[in-house]
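I have placed the structure first, in the form of structure tokens, so that the comments after it can refer back to it.
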Protein chains: 4
Amino acid sequence: MSSVTSAGTAVRPLRKDAERNRALILGAAREVYAAQGLDAGFDEIARAAGVGVGTVYRRFPERGDLVEALFEQEIDAVVARVEQAAADPDPWRGLGDFLRWGAEAQAADRGLAQVLAAAGRGHERVAAGRDRLRPAVEALVRHAQQAGVLRDDVTEVDLGIALAMISQLGDAGSSDLRDRYVTLVLDGLAVRRDGPTPLPPAQPSEDDLACVVAPARRHR
Amino acid sequence: MSSVTSAGTAVRPLRKDAERNRALILGAAREVYAAQGLDAGFDEIARAAGVGVGTVYRRFPERGDLVEALFEQEIDAVVARVEQAAADPDPWRGLGDFLRWGAEAQAADRGLAQVLAAAGRGHERVAAGRDRLRPAVEALVRHAQQAGVLRDDVTEVDLGIALAMISQLGDAGSSDLRDRYVTLVLDGLAVRRDGPTPLPPAQPSEDDLACVVAPARRHR
Amino acid sequence: MSSVTSAGTAVRPLRKDAERNRALILGAAREVYAAQGLDAGFDEIARAAGVGVGTVYRRFPERGDLVEALFEQEIDAVVARVEQAAADPDPWRGLGDFLRWGAEAQAADRGLAQVLAAAGRGHERVAAGRDRLRPAVEALVRHAQQAGVLRDDVTEVDLGIALAMISQLGDAGSSDLRDRYVTLVLDGLAVRRDGPTPLPPAQPSEDDLACVVAPARRHR
Amino acid sequence: MSSVTSAGTAVRPLRKDAERNRALILGAAREVYAAQGLDAGFDEIARAAGVGVGTVYRRFPERGDLVEALFEQEIDAVVARVEQAAADPDPWRGLGDFLRWGAEAQAADRGLAQVLAAAGRGHERVAAGRDRLRPAVEALVRHAQQAGVLRDDVTEVDLGIALAMISQLGDAGSSDLRDRYVTLVLDGLAVRRDGPTPLPPAQPSEDDLACVVAPARRHR
DNA sequence: AATGAATGAGCTTTCATTCAT
DNA sequence: GATGAATGAAAGCTCATTCAT
């Protein structure tokens, strides 16, 4: 049990110092990626972690490995938060919380925004994280639609895209500002007495989400 | 007349060949920036223009100079389009056209999207362009609000930000997809029978627009 | 004519300064490769040439380009020398000169030895040089055999291999020492009154030459 | 006995597991050096031995220490083989066996070839091995010369160098190919009815053997 | 004593900017 | 004024050796 990662692969546990460095690196990467996005160099992360570059490469031989290891954790947190929103007895409030919190999280972390936008293109475990995310968002959508508060012609993907749009209100944008547009978008999503304007096209695909810009560095 | 740039500063007129090169460079930059965004190197622009890099540097010593010269023109086109939308006898249709066309234009031109998002941060003349843009958008907003179709608590800045959000649905996003979110956002903007949800905060400032990400190249 | 390289491809002549640097680089490469072999880094060559690394990369984008450009010249010199040996009215003396001079040249230039040993594996123009070399050595062999001084069961390839063997008597070996073994090998090659010992196998192929060690750096 | 290494220096006996590791490392080094030459990294040897790199460094602090320990053994085998050849009642056959077998052995073991070529330059105990080798080769030479089949002007050093030359016909060369050049060189070494060509210089020194290339790793 | 993690120098390659021609 | 060659800093990655566990 203790020698099993969250991915389920049995591995020998790292030596204590190695584990400490691994944690230092992940911590540094979190900060650096949050501040600069995924283009940040290993050099900078190593410096921030107080270890040599070689150590980063030893622990994460492929650049993607670090991204995966880091955002696997982060996405787990996102999933938990979304599930919590989906469980809200007031589905509309849950929807709002989802958008607000999601926008907040991505605004505070450029790396997270890039990873979510790229939908784990090339990141197996991140993509797996997205797969865990999806049912939660679907539940959110279903509940709100069943409660008659969310228009019927939007899907789980629309919600993801709406979130991505709001999240572009970058790092510098104040929390208030994001709230303003969350509200505005929510109003667009709400069921209207006079009925919503029909949305073209019928069904955006999961891949459409990946079109949202801010593409992560191309991993060779 | 010939010894005056469009910005109004008196300069010695360029030699004829220099003038020709300037035009070649601007043309090339338009294409390159549209395709790759403002991070594209001068090298590439020079190649596309069929001149040496040195020539580009001589004509536009600072990277910003080229951006300014180029997008001053482009923004003029945007202004014209917005004024046309503002003149539409059907203000709601004008609003829709503004968003649709704006999103389209930015999707087709990554550089334009970056410039508009950055709101001319550091680009004096681009900022001036935005100042010409503002009254047109204000007119658009005023007309639609007077006609009772646009909620009263949104401003021209909100409209700019809404456009920026939609425009983030990058180059790869299909026109249909953009339309979908234009529609959705428009529904959020529309006056509702049951009244809109109040928007926080009261008044986003002009500078808030600059928070929209897609940041220009980081200058060391 | 003046704008044509020795390979026959028409190119625009380099600017004077570029040409000067190209020459500096080739000169430096000659020395560095001679002393250290083809594994030497571009950094070192640049330093020896007194130019920046970037310049070396500009002029020779692929590592192989520099090797080719350099040894194309060198091999031309080798070819000339071998042709001269083949033209000697005394074929046996020609043979001796070939071995002596060839061994000398390779002992003085580790790079040349590597290039000749690798037989231009991956170096188009070097291989072409070898192709020009071959007929000259064949003539040498033929003349000596027709004169009845060289045993009939050796071929052009055998001569190449014999040369390679002697050339391994490295850089430090004195000229006298090499002469000693040239003489010894020549005695093995000479027609003997009591007849030579038959040589297995019948026909070494051209590729066998490439088996001689000292393999050049693997070019990616 | 157990507290004395084969070199005769008194040392505290190794712990049993240390002794086992030492053996594992030597076995692995034999294989790795044979395949890749002496440039192989300690890392690779450690992996092949199934121990950590640190262990290799502890056991053999200097790279040379491992080479010495390993080839001291190997050279003993060579010495035995040469003595056997020297004992052959047919001295010419003994000579042929020596060259053939020596070339074969070096072709099969790049490390051995490098060590013999470097003649123990900087390897005290390997040099000592060569000292044991020398009388055997001298006997070989003496017998063959006394039998009138080997020319009188060659020495045991010449034989070593001849062997080194042939051995350069690297790992890839077929056994047949090596035989071809063994034969050719033997013909050069044989007494000729019409008398041999005199060899310059009179006496190659022992050190001349070290000039044969295939230099060991360059120590920075 | 054994381990393999950590180190950091070194080499490669690219590219924005300057400058000789 | 135009050119594109030259520059050198920077980023990526590897690997021989040391050292904490």
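Since this is a predicted model, take the numbers as computed values, not measurements. Labels below follow one simple rule: chain letters A, B, ... track the order of the sequence lines, proteins then strands, and each chain is numbered from 1.
Residues A:V56 and D:V56 each lie close to DNA chain E; by heavy-atom proximity, the contact nearer the 5' end of the strand is made by D:V56. Nucleotides of DNA chain F nearest to A:E44 and C:R20 differ in position, and the one nearer the 5' end is that of C:R20. Remark on DNA chain F: of its neighbouring residues A:F42 and B:G54, the 5'-side contact belongs to B:G54, judged by nearest-heavy-atom nucleotide.
To the nearest angstrom, P of E:dA2 lies 20 Å from CZ of D:R47. A straight line from CG of A:D39 to C1' of F:dG12 spans 14 Å, rounded to a whole angstrom. Regarding B:D43, its CG atom lies at a distance of 13 Å from the P atom of F:dT3, rounded to whole Å. The interatomic distance linking A:E62 (CD) with F:dG12 (P) rounds to 14 Å, in whole Å. Rounded to whole Å, atom P of F:dG12 lies 9 Å from atom CD1 of A:I45. Here F:dA2 presents its C1' atom at 10 Å from CD1 of B:I25, a figure rounded to the nearest Å. Separating the CG atom of A:D17 from the P atom of E:dT3 is a distance of 16 Å, rounded to the nearest angstrom. Taking atom CG of A:L24 as the reference point, atom C1' of E:dA5 lies 14 Å away to the nearest angstrom.
Across E:dT3, F:dA2, F:dG4, the shortest atom-to-atom separation from the side chain of D:V51 is found for E:dT3. Of the listed nucleotides (F:dG1, E:dA2, E:dA5), F:dG1 has the atom at the smallest distance from the side chain of B:R59. Distance from the side chain of C:T55 is smallest to F:dT7 among F:dT7, F:dA5, F:dA2. Residue D:V53 has its side chain nearest to F:dT17 when only F:dT17, E:dT7, E:dT18 are considered. Taking the side chain of C:Y57 as heavy atoms from C-beta on, and the options E:dT3, E:dT14, F:dA5, the nearest nucleotide is E:dT14. Ranking E:dT12, F:dA16, E:dT17 by closeness to the D:R63 side chain, first place goes to F:dA16.
Annotation: side chain of D:F60 is not in contact with side chain of D:V67 (no heavy-atom distance under 4.5 Å).
Across all strands shown, E:dT14 pairs with F:dA9; the Watson-Crick or G-U wobble distances both stay below 3.5 Å. Base pairing annotation: E:dA20 forms a Watson-Crick or G-U wobble pair with F:dT3, both donor-acceptor distances under 3.5 Å.
The side chain of B:N21 contributes an N or O atom lying less than 4.0 Å from OP1 or OP2 of F:dA2.
For D:Q73, the CD atom is densely surrounded, since the number of other residues' heavy atoms within 6.0 Å is greater than 12. Atom CD of B:Q36 has more than 12 neighbouring heavy atoms from other residues, nucleotides or ligands inside a 6.0 Å radius.
Nearest heavy-atom pair, C:R63 versus C:L38, reported as atom, atom and distance to 0.1 Å: NH1-O, 4.4 Å.
Backbone-only engagement by A:G41 is indicated by non-hydrogen atom pairs under 4.0 Å involving sugar-phosphate atoms exclusively.
Under the 30°/60° scheme for interplanar angles, the aromatic rings of D:F71 and D:Y33 are found to lie parallel.
Between the side chain of A:Q114 and the main chain of A:G37, no donor-acceptor pair closer than 3.5 Å is present.
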